[in-house]
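Step one of this worksheet: look at the structure below.
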Amino acid sequence: MTQMTTGDQLLIDGEWRTPASSARISVVSPSTEEVIGEVPDAGTQDVDAAVLAARQSFTRGSWRDRSPEERADVLEAALAALEPRLGEIGGLVTSEMGLPTTIAGMQIPAALGAGRFFLDVARKNPLSEVRQTMYGPAAVVREPVGVVAAIAPWNGPFNMAIGKIIPALVAGCSVVYKPAPETPLDGFHIAEALTGAGLPPGVFNYITGGADTGRALVTHPEVDKVSFTGSTAAGREIGREGGASFKRLQLELGGKSAAIVLDDADIPTTMAGLAVGSFFNTGQVCAAFSRVLVPRTRFDEVVGALVATAESFVVGDPFDPSTTMGPLVSRRHQERVLGYIGIGRSEGATVATGGGVPEGLEKGCYVQPTVFTDATNAMRIAREEIFGPVVTVLAYDTVDEAVTIANDSDYGLHGAVFTADPQRAADVARRVRTGTFSVNSFTYNTEAPFGGVKCSGVGRDTGAEAVASYYELKTVNLTPGMEPLFS
Ligand code: NAD
């Protein structure tokens, strides 16, 4: 068990400052329900100080004007400084949100790999190119977008932070980062590593707080871009702000992704994909396969295997190495997920397995892996994001019908097809309207663009596109002799 951690200060303008706000947030472990830390709940004055520090650092240009290679070297040093702390960081994430320690041991180090990928992207991509046009030569120049407010949810705190901070910084932006109030502890390590690596003051600012802190950030007039990952409801609110102020927006929001099991699917492969896709992180994954579409001809067989898969999870103390599923992030979220299970029952769906709190785990925010059958795509359990280990199985007769059901959703983040036939896989992959798609697996690929369509958001968070999204394009129409200056 991690000891209580107290972060009394915020990183603003290169120094750890006592916040103007005296409000505090208690961080509660969802497995023990004990307070494991306390951090400032930053108010508008603190947000203002952080954003102005970011703005001033951007205006000074001591980071913005360095080459991408120079910036990448500093950030590489910060990532290297995190390496020996990964065990401690993993322990904090396990305490904060209940991610089983064995999974944290794999997931946390992967974040550094993703960070290094973004650095390589920036090193390799030139900042300007000259195009010959009918109007003469034109240079297309990429310039950092400016001050970025980056706001994250709690379901993958360390990896999400690296995935937002590194692309923005390597592009030359100045950043104010706010983690979720449930999981603010691990990010202090990132802040320390960045300062220790020699980032100029104000280029990176770390502030903790809740939704109101987030609101103060996104509405601040000196913020040029908001990179937000979280709920569709908050994304909609931020979208309104972006519409009014023309801030650049990157919104990674919710999902209700469908895994389509075709009639030729291999059951062990399908179950391996669904075990991860539907239940990883206790189902608290935006891209989770929370709907599973099964051909009526193989319904009993697939549902039987899915129930066995759900029942194979060892739910319990995330610090126990034999645990494969930890608690949900909080009591409030547990009540929400149990509420949805109640809604499913009252809508007439059948609980094929799970459906409540596991026996003996009344302390902590646990929910059994749950599979609903006898459901329709009109039910709330098939339409709304539950964000827990709850899967709704839907029967279909034809592939056309399966694609129609998959697309009959407000969301469009992810999806999958399970089939032995590559041609059928390609056909379904093209027809399902989402930003990301997996075949015979659940694949979260940080080296390719990830994001959604429809109510799942705007923009792409990973791949080379993540770095590209922190640049603005400027066209300079050239006169003779200028071309070498931009090549
Ligand atoms: P949330 O929207 O409540 O909070 C996310 C973050 O935004 C937190 O830091 C919160 O303090 C802040 N916030 C909340 N309201 C805000 C507002 N109006 N303005 C500015 N900031 C605000 O979401 P959550 O409960 O922390 O996370 C779960 C949600 O995140 C799910 O809907 C999930 O699908 C989504 N998510 C999406 C992705 C993706 O990549 N698409 C990844 C992970 C999680």
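As the structure is a computational prediction, the values presented were derived from the model and not from experiment. As the structure lists them, so they are numbered: ligands from 1, and atoms in each ligand from 1.
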Under a 4.0 Å N-O cut-off, is there an ion pair linking [X] with [Y]?
{"X": "Asp224", "Y": "Arg55", "value": "yes"}
{"X": "Lys256", "Y": "Glu384", "value": "no"}
{"X": "Glu33", "Y": "Arg331", "value": "yes"}
{"X": "Glu472", "Y": "Arg64", "value": "no"}
{"X": "Arg215", "Y": "Glu241", "value": "no"}

Which ligand 1 atoms does [X] reach within 4.0 Å, using its non-hydrogen atoms?
{"X": "Trp154", "result": "24 (P), 25 (O), 26 (O), 27 (O)"}
{"X": "Pro181", "result": "11 (O)"}
{"X": "Phe450", "result": "40 (O)"}
{"X": "Ser231", "result": "1 (P), 2 (O), 3 (O), 23 (O), 29 (C), 30 (O), 32 (O)"}
{"X": "Thr229", "result": "5 (C), 36 (N), 37 (C), 38 (C), 39 (C), 40 (O), 42 (C), 43 (C), 44 (C)"}
{"X": "Ala234", "result": "2 (O), 15 (N), 16 (C)"}
{"X": "Gly210", "result": "11 (O)"}
{"X": "Asn155", "result": "43 (C), 44 (C)"}

Which residue and atom name correspond to the protein heavy atom nearest [atom], and how close is it?
{"atom": "atom 32 (O) of ligand 1", "result": "Glu385 OE1, 2.6 Å"}
{"atom": "atom 28 (C) of ligand 1", "result": "Phe387 CE2, 3.6 Å"}
{"atom": "atom 21 (N) of ligand 1", "result": "Gly214 CA, 3.5 Å"}
{"atom": "atom 38 (C) of ligand 1", "result": "Cys286 SG, 2.9 Å"}
{"atom": "atom 17 (C) of ligand 1", "result": "Arg215 CG, 3.8 Å"}
{"atom": "atom 41 (N) of ligand 1", "result": "Leu253 O, 2.7 Å"}
{"atom": "atom 7 (O) of ligand 1", "result": "Phe228 CE1, 3.1 Å"}
{"atom": "atom 12 (C) of ligand 1", "result": "Ile151 CG2, 3.7 Å"}

Hey, could you give me the CG/CG distance between Asn159 and Leu99, rounded to the nearest 0.5 Å?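 Between atom CG of Asn159 and atom CG of Leu99 there are 9.0 Å.
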
Measure the CG-OH distance between Asn377 and Tyr396 for me, rounded to the nearest 0.5 Å.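 One gets 14.0 Å once the value is rounded to the nearest 0.5 Å.
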
Give yes if a backbone or side-chain nitrogen or oxygen of [X] is under 3.5 Å from a nitrogen or oxygen of ligand 1, and no if not.
{"X": "Lys178", "result": "yes"}
{"X": "Glu237", "result": "yes"}
{"X": "Ala152", "result": "yes"}
{"X": "Ser456", "result": "no"}

Ring center gap for Phe442 and Phe280 short of 6.0 angstrom: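 That pair fails the under 6.0 Å test.
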
Please find out if less than 6.0 Å separates the ring center of Phe204 from that of Trp63.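 Phe204 vs Trp63: aromatic centres not under 6.0 Å.
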
Enclosure of Gln45 CD (heavy-atom neighbours >12, cutoff 6.0 Å):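 Check fails, neighbour count at 12 or below.
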
Is a side-chain donor-acceptor pair under 3.5 Å present for Asn407 with Arg431?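 No, Asn407 and Arg431 have no side-chain donor paired with an acceptor closer than 3.5 Å.
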
Is the closest heavy atom of [X] to ligand 1 under 4.0 Å?
{"X": "Met160", "value": "yes"}
{"X": "Pro179", "value": "yes"}
{"X": "Gly452", "value": "no"}
{"X": "Asp461", "value": "no"}

For atom 40 (O) of ligand 1, which of Arg336, Gln250, His414, Glu252 has the closest heavy atom?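 When every heavy atom of Arg336, Gln250, His414, Glu252 is considered, Glu252 comes closest to atom 40 (O) of ligand 1.
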
Test applied, side chain to side chain contact (heavy atoms under 4.5 Å, CB included); reference residue, Tyr340; option that passes from Ile386, Val367, Thr370: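 The option that passes is Ile386.
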
Any side-chain to backbone donor/acceptor pair from Ser456 onto Lys454? Under 3.5 Å, distance only.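 Checked: no pair found.
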
List, one per line, each side-chain donor-acceptor pair under 3.5 Å for residues 104-114, sequence neighbours excluded.
none

So, for atom 1 (P) of ligand 1, does the protein have a heavy atom nearer than 4.0 Å?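 Yes, there is a protein heavy atom closer to it than 4.0 Å.
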
Tyr470 six-ring centre to Lys225 NZ/CZ under 6.0 Å and within 45° of normal: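 Yes, Lys225 and Tyr470 form such a contact.
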
